[in-house]
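Take a look at the structure set out below.
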Amino acid sequence: DHRDLHSFPTRRSSDLAVDWNPSVSPDGRSMVFLSIRSGRTEIWRSDIDGRNARRLTDRGPDLWQPQIARDGRTVYFSHYSTGRWVLERISIDGGEPEQVSDVAGDLWGISPGGNKGGYTFFDQKLNRWQIAVRALGGNDPMMQFDVAAYDVLAWTPDGKGLIYKDVSGSDPNLGLWRQPLSGEKPQPFMAAAAPENDYWLDWSGDGKKLAFVRGHQVMNMVMLTRN
């Protein structure tokens, strides 16, 4: 039951810190996150209770979406460099980051085995968004799927598929779908609870439980007049 994860929220950072985009280690003892506590956006690491925080990177401010790999030792993140987003990685103990791939789309994720990356990108020839999978640091052929994802892109625990929120128009309710890497047609994974949408999901370490964020946006329009 995913509700246990949110029943009793606990502050993990100080009142003076601006922290976001957390990723928890597989053993649940530490986490990495983006923070501007050093004056610009960098990736930081701390214990799960927020103690012993220290900076991992010195490459800001254009960093995004740090993720701890299943090995618990590697942190992947996207970095805007030389006019494009690239995928990089760094040891969870710090050090010099290295570039993994010259492709890092709006949404991306590392496979459970740590050898593949899934990401979204806009195909200029097809004039629409796609999902692609490629080997990390290798020359394996890239797999490309004619589906459009938004907000959510996550690997299945077995590494044989990708979960995404469909915005191609085939699902008017914007439910979650599963795209098998075998190339079969996408399959419904979890129906949306309209009018709410799903914005994020992650699996437990054993792959048996799923936590997700669901809600809806509320916007107001205000007109200002000058006397």
Side-chain angles (χ1 to χ4, degrees), residues 1-80 85 87-95 97 100 104-112 114 117-120 149-157 162-165 176 197-215 217:
D1 188 342
H2 70 279
R3 291 174 297 178
D4 293 341
L5 298 177
H6 307 287
S7 298
F8 303 99
T10 302
R11 184 185 297 275
R12 301 299 184 186
S13 57
S14 72
D15 292 336
L16 300 178
V18 179
D19 308 324
W20 70 102
N21 237 185
S23 176
V24 178
S25 63
D27 61 10
R29 296 180 179 180
S30 62
M31 61 182 174
V32 297
F33 51 91
L34 295 176
S35 177
I36 60 172
R37 59 179 70 192
S38 64
R40 66 179 184 180
T41 302
E42 298 289 356
I43 299 175
W44 286 65
R45 172 193 176 184
S46 75
D47 297 341
I48 196 63
D49 60 4
R51 298 179 180 179
N52 300 316
R54 69 184 192 89
R55 191 178 65 190
L56 291 184
T57 61
D58 188 19
R59 301 173 76 82
D62 297 318
L63 306 177
W64 187 245
Q65 200 178 350
Q67 294 183 17
I68 301 178
R70 291 294 179 93
D71 64 7
R73 302 297 309 165
T74 308
V75 180
Y76 289 89
F77 61 95
S78 50
H79 175 214
Y80 191 73
W85 286 98
L87 185 63
E88 298 184 357
R89 65 186 170 198
I90 189 173
S91 168
I92 199 167
D93 295 321
V100 178
D106 290 349
L107 299 172
W108 61 270
I110 306 301
S111 65
Y119 59 93
T120 62
Y150 187 69
D151 286 333
V152 174
L153 182 67
W155 286 83
T156 56
L162 289 162
I163 307 297
Y164 67 97
K165 184 165 75 174
L176 297 181
N197 287 315
D198 298 316
Y199 294 99
W200 173 89
L201 66 82
D202 199 6
W203 298 93
S204 60
D206 58 10
K208 295 181 179 180
K209 296 181 180 180
L210 180 68
F212 59 94
V213 175
R214 173 174 288 175
Q217 296 182 354

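Because the structure is a prediction, the values reported are computed rather than measured.
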(message) Between Leu176 and Leu201, is there a side-chain heavy-atom distance shorter than 4.5 Å?
(response)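 Answer yes - side chains close enough.
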(message) Is any side-chain heavy atom of Tyr164 closer than 4.5 Å to one of Val152?
(response)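 In short, these two side chains do not touch, never coming nearer than 4.5 Å.
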To the nearest 0.5 angstrom, please state how far the [atom1] atom of [X] sits from the [atom2] atom of [Y].
X: Ile36; Y: Trp20; atom1: CD1; atom2: CH2; answer: 5.5 Å
X: Ile163; Y: Trp203; atom1: CD1; atom2: CH2; answer: 6.0 Å
X: Thr156; Y: Leu210; atom1: OG1; atom2: CG; answer: 11.5 Å
X: Trp85; Y: Leu63; atom1: CH2; atom2: CG; answer: 7.5 Å
X: Asn21; Y: Met31; atom1: CG; atom2: CE; answer: 12.5 Å

(request) Might you confirm whether atom OH of Tyr150 has over 12 heavy atoms from other residues, nucleotides or ligands at distances under 6.0 Å? (result)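 Atom OH in Tyr150 is not packed in, count stays at 12 or less.
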Between [X] (side chain only) and [Y] (backbone N and O only), is there a donor and an acceptor less than 3.5 Å apart?
X: Arg45; Y: Ile92; answer: yes
X: Asp47; Y: Asp49; answer: no
X: Trp108; Y: Gly117; answer: no
X: Thr120; Y: Leu107; answer: yes
X: Ser78; Y: Trp64; answer: yes
X: Arg54; Y: Asp93; answer: yes

(request) In plain terms, say whether Arg40 and Asp58 are close enough for a salt bridge, that is, a side-chain N and a carboxylate O under 4.0 Å apart. (result)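 Salt bridge present between Arg40 and Asp58.
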(message) With a 4.0 Å cut-off on N to O distance, would you call Arg73 and Asp71 a salt bridge?
(response)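 Salt bridge absent between Arg73 and Asp71.
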Return the minimal non-hydrogen interatomic distance between [X] and [Y], and the atom names on each side.
X: Lys165; Y: Asp198; answer: NZ-O, 3.0 Å
X: Tyr76; Y: Ala69; answer: CE1-CB, 3.8 Å
X: Gly72; Y: Pro26; answer: CA-CD, 3.8 Å
X: Thr41; Y: Leu34; answer: CG2-CD2, 4.1 Å
X: Tyr199; Y: Gly215; answer: CE1-O, 3.4 Å
X: Phe33; Y: Ser46; answer: CE2-OG, 3.5 Å

(message) Using the rule given for side chain to side chain contact (heavy atoms under 4.5 Å, CB included), can you reason through Ile90 versus Ile43, listing the C-alpha separation, both sets of side-chain angles and the distance that settles it, and then say yes or no?
(response) CA-CA 10 Å; Ile90 189 173; Ile43 299 175; 5.6 Å; no
(request) With sequence neighbours excluded, tell me which residues meet salt bridge (Lys or Arg N to Asp or Glu O under 4.0 Å) with Asp62. (result)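 For Asp62 there are no salt bridge (Lys or Arg N to Asp or Glu O under 4.0 Å) partners, ignoring immediate neighbours.
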(message) What I want to check is whether the side chains of Glu42 and Thr57 have a donor and an acceptor closer together than 3.5 Å.
(response)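 Yes, a side-chain donor-acceptor pair sits under 3.5 Å.
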